[in-house]
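Notes follow the structure.
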Amino acid sequence: MFIVTAALPYCNAKLHVGHLRSTYLPADIYARFLKSKGYTAFYVCGSDCHGTPILVRAIQEQKKPEEIVEYYHNIIKQQLEDSLIHFDIYSKTFNPNHYKMTQEFYERIRKNGYTYKEKVQSLYCPNCKMVLPDRLVRGTCPYCGAENQYGDYCEVCGRTYTPLQLRNPRCGICGNTDLEIKELNHVFFRLSELLNPVKKWLESAKVTEGAKKYALNWIKEGLRDWDISRSINWGVPIPGEKNLVFYVWFDAPIGYITFTKELFESLGKDWRKIWIEGEGYIVHFIGKDIIYHHLIFWPGMLIAAEFALPNEIRVRGFATLEGKKMSKSRRWYILLDEFFSFFDPEYLRWYWTTTTSESLSDGDFSFRTLEEKVNNVLIATIGNFIHRILSLIKRGNIRNGTLIANAISKAQAIINDTLQLYHTNQFDKAAEKIITLAGFGNELLGKTEPWRNLSTKTAHDVLFTCFAFILALNMLIDPILPRSARRLSEILQLEQKPHLSDIDKVFDSSYIKVILEQFVEQGKPFILFRKISRQRIQELLTLLKRRAKA
RNA sequence: AGCGGGGUAGCGCAGCCAGGUCUAGCGCGCCGGGCUCAUAACCCGGAUGUCGGUGGUUCAAAUCCACCCCCCGCUACCA
C-alpha cells in the first residue's frame, strides 16, 4: 500500500506555477500512475497552518490567524483542484485531530527520553506584547556592520549569530527599539543523539541523488539539538508547558500522519499499520528548499517516536519565470489561477512534466517554450496522430484488420519503457516515450499511406494497428493529462477510462475489434487539444510585465 | 568563506557514476524534398558543436584525476 505525500502548502499565500513543478504535479502523476497500475495508493496532503509568518500577517492585517488560515486554505485547495491534482485527502494542520496527533507524537518522544527543557534568552517587544522569533528582529550585523539584517543571519557577510548579539535590535513588526530580554523555558529535541540512526537511514533510503549528498554532507559535522518550541500564541500547545507551542516545523510533517489517519478512519482502515507498523510504502515529494527537514529532522522525529520511516523522498528544484527568479516583492510571478484564466491546466502539467527531471536543478517557465511544447509537440505529434487515425477509420469505415507484428513488438517495447520510467519517477522521460509511440505511428502512416486507398488490406492493418496505439496512448497519458484521457475515452465510446493494469489488452485483436466497431458505429473524431494562440500569450505576458513595473 | 548542483549545436536537454558501441545523440527551431488522411499538422533527407579552460592518466576521455574560470542554489528557528 502506497502513501504518497506532497509538502504541505504554507497557508499564507496563493500558489504560483512553480509550486506545481517541484511538488504537487510529480506526486500527482506518481499517485495516478500507481492507481492506474492497480496498486492501492493514497495521495495525502493538507495546509500547513502554523508558524510566525501567519501570525505576523494576522497582526498586520488586524485579523485572527484563524481567519488568514481559513481564507488561504480554501483558495489553495481550489487552486490545486483546478490544477487537476487529485488528493485522496486535503486537510489542514489547524484541526483538533492534528493537535491531538502532534501532542501524542510528542509524548512518545518525551517518554523515550528525547526531549529536555532549557532556558533560552529571547527578545521581547512590549509594544506588540510578543516574544520575537529570530527572523522578526532586525538590526546591525555584529560582524560586518551591515544594517537592517535579520536576528539570526546576515545576508551581506553570510554569518550566523543570535538576536542578542545583533547591534541596535528593533522589532521587525512595529519597529520598536525598546526591546526587553526575557528568559524562557524552551523544549529541545535531542537530535544530536540521533545522528547515527538518521545517517544510517539516509544512506540506504531511496532519495533524489543530489539531495542525499546534500544532507549527508550537512550532518558530517554532527547534529545540534533542536529547539522545538516557540513562545507565541499560535500553534499546537505543548502538553505540560505554559505559553509554549510547537515550532511549526515540528508539527507540520506530523500532518502527513494526521491526514492519513483522517483518511483511513473514513475508509475503516488502521493508520497505525502504515505509520507505526511500517506495512506501507511511504513516498514524500518535496521541493529542494526543505531537504533538511525531510531528510534529517523528520526521520529523526520518526525514529525517536518509533514510527515508520519514509521509503522514498523525491526532490525537485524551483521554477524561474522567463529566466528570472520569481519574487513576490518584485512582483514577478504567475499564480496558478492567473495561468488558468488564460490556458488549460493540462498545458501547464504537460509543460512541467516534459521539462522537469528528478533533480535539484531549477527549471524555467517561458511562454515561448510553452507554445512549442504544446503546439509543436503535444498537439502536432500526439493530438494530430489521434485525430488523423480516427478520421481515416471513420472515413474508411474500418471495422477490423490484423495487427502488424513487428510494429506491435516495437510499440510494446516503447510501452514497457514508459511504464518503467513512470515507476522510477522519470516522468519527463516517460512523456518523451509517449511522444515516441505517437511518432512511430506517424512514421508507419507515412510509409504506408493508407489514405491512397482505404479498402486495401494494408490500409486496414495499418489503421487497426494504429488504433491499438491510440488505446495505449489513452492509458499512458492519463497520469499526466487525466482530463484529456477521459475525453479520449469518451470519443472512443468507452464506458470508463481504461487503466494501465489492462495495458496488455491493447494488443488483443478481439478486444480492439469490439472497441473499434463501437467507435465506427457511434463515435466521431474530435479535436482533443486546442492550440495555444500567440495572442493569448502576449496578453498574459503584458499583464505580468505591467505588474512587475508597477 | 564552506558546501551542493551545473557549464555539450540558436534554444532546451541526454550521455559522464561502470572510458572505446560518441567520426558526440535527442527535442524544438532552421534548410531542401515528399504527402494531402490530419489541428498549415505528418513523412524523408540535410546543415550547425574546438563536449567551460589548461594539464595529466591511458592504446583510447564528453566520460577518470588535478588545478583554474563562469553560472545557480543552500548554509538548522523564513515556510
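So that the names make sense, note that chain A is the first sequence line, chain B the second, and so on, each numbered from 1.
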Which whole number of Å gives the distance between the [atom1] atom of [N] and that of [M]?
| N | M | atom1 | result |
| --- | --- | --- | --- |
| B:G49 | B:C65 | P | 29 Å |
| B:C28 | B:U36 | P | 23 Å |
| B:U50 | B:G10 | P | 8 Å |
| B:C35 | B:U8 | P | 40 Å |
| B:U57 | B:U63 | P | 15 Å |
| B:C17 | B:G5 | P | 16 Å |
| B:A38 | B:U48 | P | 37 Å |
| B:C69 | B:G45 | P | 46 Å |

Query raised in the report: Pick the nucleotide of RNA chain B nearest each of A:Gly383 and A:Leu444; which residue has the one closer to the 5' end?
Result: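 Nearest-nucleotide comparison on RNA chain B picks A:Gly383.
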
Report summary line: Taking for A:Phe318 and for A:Thr381 the nucleotide of RNA chain B with the nearest heavy atom, the one nearer the 5' end belongs to A:Thr381

Once you apply a heavy-atom cut-off of 4.0 Å, does [X] come out as touching a base, just sugar-phosphate, or nothing?
| X | answer |
| --- | --- |
| A:Leu454 | nothing |
| A:Gly51 | nothing |
| A:Lys531 | base |
| A:Pro53 | sugar-phosphate |
| A:Arg530 | nothing |
| A:Lys373 | nothing |
| A:Phe297 | base |
| A:Leu445 | nothing |

How about [X] and [Y]: are their ring centroids closer than 6.0 Å?
| X | Y | result |
| --- | --- | --- |
| A:Tyr351 | A:Phe365 | yes |
| A:His387 | A:Phe526 | no |
| A:Phe318 | A:His19 | no |
| A:Trp298 | A:His293 | no |

Measure from [atom1] on [X] to [atom2] on [N] and round the result to the nearest Å.
| X | N | atom1 | atom2 | result |
| --- | --- | --- | --- | --- |
| A:Ile382 | B:G27 | CD1 | C1' | 13 Å |
| A:Arg452 | B:C43 | CZ | C1' | 12 Å |
| A:Leu360 | B:U75 | CG | P | 13 Å |
| A:Glu322 | B:C11 | CD | C1' | 13 Å |
| A:Arg395 | B:U36 | CZ | P | 12 Å |
| A:Tyr214 | B:G5 | OH | P | 10 Å |
| A:Ile434 | B:C26 | CD1 | P | 20 Å |
| A:Leu295 | B:C74 | CG | C1' | 14 Å |

Nearest of [options] to any side-chain atom of [X]?
| X | options | answer |
| --- | --- | --- |
| A:Trp451 | B:C37, B:A76, B:A41 | B:C37 |
| A:Asp227 | B:C77, B:C43, B:C72 | B:C77 |
| A:Thr52 | B:A79, B:G27, B:A76 | B:A79 |
| A:Asn384 | B:A41, B:C37, B:C74 | B:A41 |
| A:Arg388 | B:A76, B:C42, B:U36 | B:C42 |
| A:Phe529 | B:C43, B:A38, B:U39 | B:U39 |
| A:Leu191 | B:A76, B:U36, B:G15 | B:A76 |
| A:Tyr247 | B:A41, B:A79, B:U75 | B:A79 |
| A:Glu443 | B:G15, B:C43, B:A79 | B:C43 |
| A:Ile527 | B:C42, B:U39, B:A76 | B:U39 |

Requested in this report: Evaluate the ring planes of A:Phe250 and A:Phe189, with Trp represented by its six-membered ring, and classify them as parallel (under 30°), tilted (30 to 60°) or perpendicular (over 60°).
Outcome: perpendicular

Report task. Hey, can you tell me if A:His50 and A:Phe94 have their rings parallel, tilted or perpendicular (30° and 60° cut-offs)? Result ->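 Taking A:Phe94 first and then A:His50, their aromatic rings stand perpendicular (interplane angle over 60°).
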
Hey, does the side chain of [X] come within less than 4.0 Å of [N]'s phosphate (OP1/OP2), counting only N and O?
| X | N | result |
| --- | --- | --- |
| A:Arg368 | B:G29 | no |
| A:Lys447 | B:C44 | no |
| A:Asn376 | B:G29 | yes |

Does [X] make a cation-pi contact with [Y], if we ask for NZ or CZ under 6.0 Å from the ring centre and within 45° of the axis?
| X | Y | value |
| --- | --- | --- |
| A:Lys77 | A:Tyr90 | no |
| A:Lys328 | A:Tyr333 | yes |
| A:Arg230 | A:Tyr247 | yes |

Query raised in the report: Just one of A:Asp251, A:Val236, A:Leu302 clears the side chain to side chain contact (heavy atoms under 4.5 Å, CB included) bar with A:Phe105, so which one?
Result: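 Of A:Asp251, A:Val236, A:Leu302, side chain to side chain contact (heavy atoms under 4.5 Å, CB included) with A:Phe105 is met by A:Leu302 alone.
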
Report summary line: Smallest heavy-atom separation, A:Tyr10 atom then A:Thr52 atom, equals OH-N, 4.2 Å

Query raised in the report: Checking only heavy atoms, does the side chain of A:Arg230 share a donor-acceptor pair with the base of B:C77 at less than 3.5 Å?
Result: yes

Requested in this report: Using a 3.5 Å limit on both pairing distances, list the dot-bracket string of RNA chain B from the 5' end; Watson-Crick and G-U wobble pairs count, crossing pairs take [ ], interstrand pairs take |.
Outcome: ((((((((.[[[[.)....(....]]]].(((((.......))))).....[[[[[..)....]]]]])))))))....

